[in-house]
Amino acid sequence: MSLERADADPLENNIESLLPGALDTVRFDNSKIDTLLSNLRFVAELLSEAPISFTGPALIFRARDNAVRAVPIGASLRFGRSQDNDISFPDLREVSRHHFTITAHEEEFVLADGNSANGTFVRGNRIQTHHLCDGDVFEAAGILFAFIRF
Amino acid sequence: MDETRKSLLARLKTASNNNDWEALYEQYRAIILSFCLKQGLDEFGARDVLQETMILLMRKLPGFEYDPQKGRFRNWLLALVAGKVRDAHRRARRHQFVALDANSDVDRSLGHDAVAPAADCSNALEETWMQGLVEEALRRIQRDPKTKVETFEVFHAYVIAGNSVPDVARQFRLQENTVYQIKNRLLKRLRDEILQLERPNLPVKKQSPHLCA
């Protein structure tokens with residue numbers, strides 16, 4: 001009777017059986033991830049400088065004084081030039097009065113551009129609405145924002 | 001491209017923090033993407049899972065010490081990625097329902113079939129993960145300048161495509177014995193490569209000496 005160690009690695013015994021068909025199964029278009037690493041580095045940098053650790057979803061960005069700010073999103077968050085926004089950049093002309101909004105919907109967060117003059121961009125594409133994933137980086141009026149679920 | 005966008009891209013490119021997560025990104029990127037595609041996600045969904053996994057690692061890794069006694073790193077990472085894949089399928093289903101609600105002529109039940117996730121069985125998940133590991137190891141061997149193109153082609157024809165030794169020997173004008181030698185040599189390299197891929201580039205927890213009675 002042969003004994004097999006309880007912690008025997010199934011991979012070690014299976015390499016040859018996994019080989020037939022290998023290399024034919026996956027073809028990933030690398031252009032889909034060519035900006036991912038730089039985005040991740042940007043998020044890592046922001047996270048390392050973020051002042052507070054949150055327990056809920058937040059938007060992180062570098063403010064005009066170069067300090068990193070993390071703003072909790074809650075049910076919704078609006079960004080724009082007008083003072084009635086949750087994040088306001090009153091003296092930046094490129095920012096529209098109500099530039100974008102993030103709204104919690106069930107378990108998801110939806111980024112919606114508020115018909116801004118200069119647009120909101122995700123992965124280089126101008127968007128009207130976009131379902132945010134943890135770590136998404138987007139741009140509005142020359143400012144980069146990162147969405148983190150925490 | 002305007003100046004603002006150029007400087008933004010430059011900022012993205014230079015904002016580098018060489019942390020553990022980045023080493024893991026290089027090591028596991030292809031395996032995670034491959035796993036996601038095999039679990040039925042499209043390329044955009046796979047990218048999202050890779051991103052979410054890395055963000056999670058970024059937050060978990062500071063202070064993390066890999067303890068081989070507690071299990072294989074592969075299983076820990078697989079559980080994490082499989083959870084993200086399930087989330088991605090749930091998201092896709094919800095988005096499809098929203099789209100279907102907007103078009104009431106379409107039968108809502110179509111949404112279930114169109115994004116049915118692969119069987120959620122841990123053995124099947126592990127096998128898919130291992131398949132990805134083997135494929136990435138093969139790709140690394142294939143890309144290695146030390147690997148002769150013909151050597152890899154012989155290995156591919158015999159071991160991967162499953163042709164018989166006499167057929168492969170005839171096709172490449174080799175002795176049958178040489179075909180076996182190539183198989184054994186590349187299998188050994190494959191095992192070494194998999195070992196490298198399996199060893200996470202993380203601080204390893206030092207074991208305290210065991211006391212024997």
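All chains are named by letter (A, B, ...) in the order of the sequence lines, taking the proteins before the strands, and each is independently numbered beginning at 1.
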Measure the shortest side-chain to side-chain distance between [X] and [Y] over non-hydrogen atoms and say whether it is less than 4.5 angstrom.
| X | Y | answer |
| --- | --- | --- |
| A:R41 | B:W21 | yes |
| A:L37 | B:E22 | yes |
| A:R123 | B:R47 | yes |
| A:L19 | B:L187 | yes |
| B:D87 | A:E107 | no |
| B:M58 | A:L40 | yes |

**OP:** Report the residues that fulfil salt bridge (Lys or Arg N to Asp or Glu O under 4.0 Å) with B:R185, sequence neighbours left out, ordered by chain and then residue number.
**Re:**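 Here no residue qualifies.
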**OP:** Would you please name every residue forming a ring pair (Phe, Tyr, Trp, His ring centres under 6.0 Å) with B:F155, sequence neighbours left out?
**Re:** none
**OP:** Go through the side-chain N and O atoms of A:D136 and B:Q51 and say whether any donor and acceptor fall under 3.5 Å apart.
**Re:**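 Yes.
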Original post:
chain A heavy atoms under 4.5 Å from B:E127: which part of the residue, side chain, backbone, both or neither?
Top reply: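 Backbone plus side chain of B:E127, per the 4.5 Å heavy-atom cut-off to chain A.
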Does atom [atom1] of [X] have more than 12 heavy-atom neighbours, drawn from other residues, nucleotides or ligands, at distances under 6.0 Å?
| X | atom1 | result |
| --- | --- | --- |
| B:R143 | CZ | yes |
| A:R78 | CZ | yes |
| A:R97 | CZ | no |

Original post:
Between A:D134 and B:R91, does at least one N-O distance fall below 4.0 Å, as a salt bridge requires?
Top reply: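 Salt bridge: no.
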Original post:
How long is the gap from CD1 on A:I148 to CZ on B:R59, to the nearest 0.5 Å?
Top reply: 6.0 Å
Original post:
How long is the span from the CG atom in A:L18 to the CG atom in B:L133, to the nearest 0.5 Å?
Top reply: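 Reported value, rounded in 0.5 Å steps: 9.5 Å.
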**OP:** Give the member of A:E94, A:H131, A:E106 that has the highest number of heavy-atom pairs under 4.5 Å with chain B.
**Re:** A:H131
